[in-house]
Amino acid sequence: MAYTKLDATFKGLDSDETFVGTPQTEFALNSVLGTLPRELIQNTYDARETGEKPKINFFFECLEGSELQDFKTAIDWKQLRPHLEAVAENDEKLGVQKALDQIDEGELYILGIEDTHAVGLDGDDDSRDTNYADLVKDFASSGKKEGGGIHGVGASVLWAFSGFKLVLFHSLAASETDSKLVGRLDLPDHVLGGQEYKGGGWLGVDDGSHDRSVALRPVPRDLAETLRLDRTGENGTTSLVVGFRERTRATREPEDIVDAIYEAAARYYWPLIVDDGIEVTVEGPNDSTPREVDPMSVPRVSPYVQAYDAWQNPDDDFGDPGTVAVEEIEFEVPPTDSEPAITGELVLVVRLVDEDNLEKYRNKVAMFRGPRHVVKYRNYGSASRTTGKDFHALLLTGGAKHPPGLKAEDIPDQGDQAIEFFFRDAEPEAHDTWEEPTPRLANAYDDENPSKRIVSFLKTTVKKELQQILGGAQTDDDERVKNLGEEFPFFEDDHGTSGKRNGGGGGGGNLPFDVVQLDSWFDGAHRYQGEIELDTQPENNWTLTISIDEVDGSNKTIDQIDIDRGSSPDDPAPAVRDGEITYEFTKHTTRTTFELSSVAIGDEILAGRTRLDFEYDLSPGGQP
């Protein structure tokens with residue numbers, strides 16, 4: 001039989017079944033655009049075929065006219081639309097109605113992710129613990145340990161970017177002969193024509209033995225081309241997000257979306273890319289061919305690449321711009337039920353700044369382990385302020401000190417292997433921090449608070465090592481004072497009084513905003529209320545990150561005080577991560593107020609003088 005379209009099916013909800021109003025993938029990772037490349041690049045690399053260099057291409061397209069009509073026919077739009085409309089009637093946050101409005105206006109955004117030289121989605125329609133089951137059939141489940149490909153909790157973020165909560169897949173698994181084509185919807189349960197339906201719908205074909213559509217095998221080339229899912233014949237998977245949209249912001253231009261994916265790929269995967277572990281490309285509507293991601297083309301990333309290139313051959317004389325110093329830092333991994341405690345070394349690589357206008361990514365440490373995915377750029381501005389030197393630094397952990405591609409159990413050094421396992425267990429599903437408790441870390445190690453061990457190491461040990469390294473670079477006092485005033489605006493707090501350094505500019509002549517007002521007080525926690533105003537109308541959405549420093553009488557940082565919570569009328573629920581708070585504002589927000597408070601202070605030293613540090617990002621999308 002020649003298939004020209006897929007069939008949409010939804011199962012009826014029995015009277016004794018619970019009516020669920022929230023899609024399962026809503027409990028997955030956050031829907032900031034940078035999350036997509038962070039998750040999917042790692043999954044492709046984990047799912048690489050033995051001996052092959054995997055490739056992943058992100059492509060974006062706007063379907064119109066006859067191409068849109070053919071696409072709608074191929075996804076059984078007449079059957080699918082009534083279910084979407086039923087959801088839209090009670091939809092307050094998913095944005096299904098906005099997606100319907102866009103398609104009614106004659107446009108449909110799609111984002112595709114194609115990987116090759118990967119193992120693909122193996123497994124049949126009734127399988128368990130296979131790549132196909134983990135991604136398509138059993139949402140938010142993963143049998144993945146160190147490999148496994150585009151599936152599981154991480155890849156479930158795909159649905160977060162679909163206005164219809166619909167993702168299509170065309171996959172050729174290395175262990176199978178025929179490719180398969182299937183679509184999965186993750187809508188809320190809903191009522192249509194008086195009948196209750198489950199939200200987990202399917203796009204596929206009727207094989208006569210299931211009460212739902214199943215994957216089409218083999219895949220007709222014409223149908224795959226209509227759906228923008230045609231493949232080259234190599235093993236791997238193409239995923240298609242139908243009705244692409246960013247839930248946390250207004251729609252930006254397709255070219256800006258592709259550029260943001262390019263930058264995020266470079267920002268978080270430059271170690272893997274420069275080590276030739278993977279090839280990443282992006283392709284926008286106006287690109288004739290895919291553009292290969294080159295980390296050196298991203299100004300905020302290139303100095304970290306330069307530091308990485310030099311870490312095994314540091315400079316004898318450290319002090320001039322662009323010179324590199326390297327130190328090893330000991331870290332003790334606590335015992336497990338089967339292994340004793342073991343001490344290994346992490347490598348700290350520090351490169352002095354020789355570039356200008358790098359705004360946000362100066363004075364940070366890029367932290368990563370064996371998979372060469374930057375988990376976080378951690379802020380160590382206090383080390384710069386106390387030494388008068390700006391820098392870019394790396395923290396190489398566990399397998400990051402060894403050739404790429406090694407599994408954790410194959411790392412030859414026992415200390416590095418133990419550190420790799422420990423920090424791997426410290427990563428949540430989002431792979432974006434090592435400083436928050438995880439169940440796996442708590443259950444695997446005989447330690448009262450293993451995550452606190454990492455927090456102490458990063459906040460205290462690494463900072464002291466940075467200060468020692470930077471302190472060895474000659475700096476005169478005049479340069480130190482100049483850097484302090486121009487690069488780091490701050491506001492002093494003596495519990496009830498506040499003031500601005502250098503008058504009305506918020507502390508530095510190069511800042512894009514004025515602090516119109518700032519009030520502060522202490523009642524067991526440090527509390528701030530402020531108002532800021534941008535100098536000019538921004539072209540994009542933007543972010544403002546604030547941290548609290550405890551300072552001595554000469555305004556030198558002693559420690560960072562963790563922020564507990566905050567709010568703004570323009571961002572009621574800002575993100576608090578690693579003691580800092582990040583507000584996200586639309587491009588229309590040029591003046592706003594904010595509030596924040598620290599954690600409760602039990603140490604009387606930390607109840608002393610404090611100041612606020614401000615960082616901002618006006619780049620496209622305001623991605624941190």
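- For the atom pair CG of D129 and OG of S127, the computed distance is 8.5 Å after rounding to the nearest 0.5 Å.
- The closest side-chain donor-acceptor pair between T592 and D570 falls under 3.5 angstrom.
- Residues E615 and N379 have side chains that bring a donor and an acceptor to within less than 3.5 angstrom of each other.
- The closest donor-acceptor contact from the side chain of R231 to the backbone of D115 lies under 3.5 Å.
- Taking the six-membered ring where the residue is Trp, H190 and Y197 present parallel rings, their angle staying beneath 30° rather than reaching 60°.
- Residue-environment remark: NZ (K587) stays at or below the threshold of 12 foreign heavy atoms within 6.0 Å.
- Cation-pi geometry between R48 and Y45 is met: under 6.0 angstrom from the ring centre, within 45 degrees of the axis.
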task: For ring pair (Phe, Tyr, Trp, His ring centres under 6.0 Å), just list the numbers for W159 and F244, CA-CA rounded to whole Å, side-chain angles, deciding distance to a tenth of an Å, and then say yes or no.
output: CA-CA 9 Å; W159 281 267; F244 176 88; over 10 Å; no
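- Salt-bridge annotation for R228 and E61: present, with a side-chain N of the basic residue lying under 4.0 Å from a carboxylate O of the acidic one.
- Under the 4.0 Å criterion applied to side-chain N and carboxylate O atoms, K180 and D125 are not assigned as salt-bridge partners.
- Checked against D122 for a side chain to side chain donor-acceptor pair (under 3.5 Å), the options T130, N235, N131 give a single hit: N131.
- Under a cut-off of 6.0 angstrom, the local environment of NZ in K55 is sparse, with at most 12 non-hydrogen atoms contributed by other residues, nucleotides or ligands.
- By the 6.0 Å contact criterion, CD on E52 is enclosed, its count of non-hydrogen atoms from other residues, nucleotides or ligands being greater than 12.
- Taking the ring centroids of Y132 and F169, they lie at or beyond the 6.0 Å cut-off.
- The aromatic ring centroids of Y583 and W542 lie 6.0 Å or more from each other.
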task: Could you go through the ring pair (Phe, Tyr, Trp, His ring centres under 6.0 Å) check for H83 and F10 one step at a time?
output: CA-CA 9 Å; H83 289 272; F10 290 85; 4.1 Å; yes
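- Of the N and O atoms on the side chains of T543 and T582, not one donor lies less than 3.5 Å from an acceptor on the other residue.
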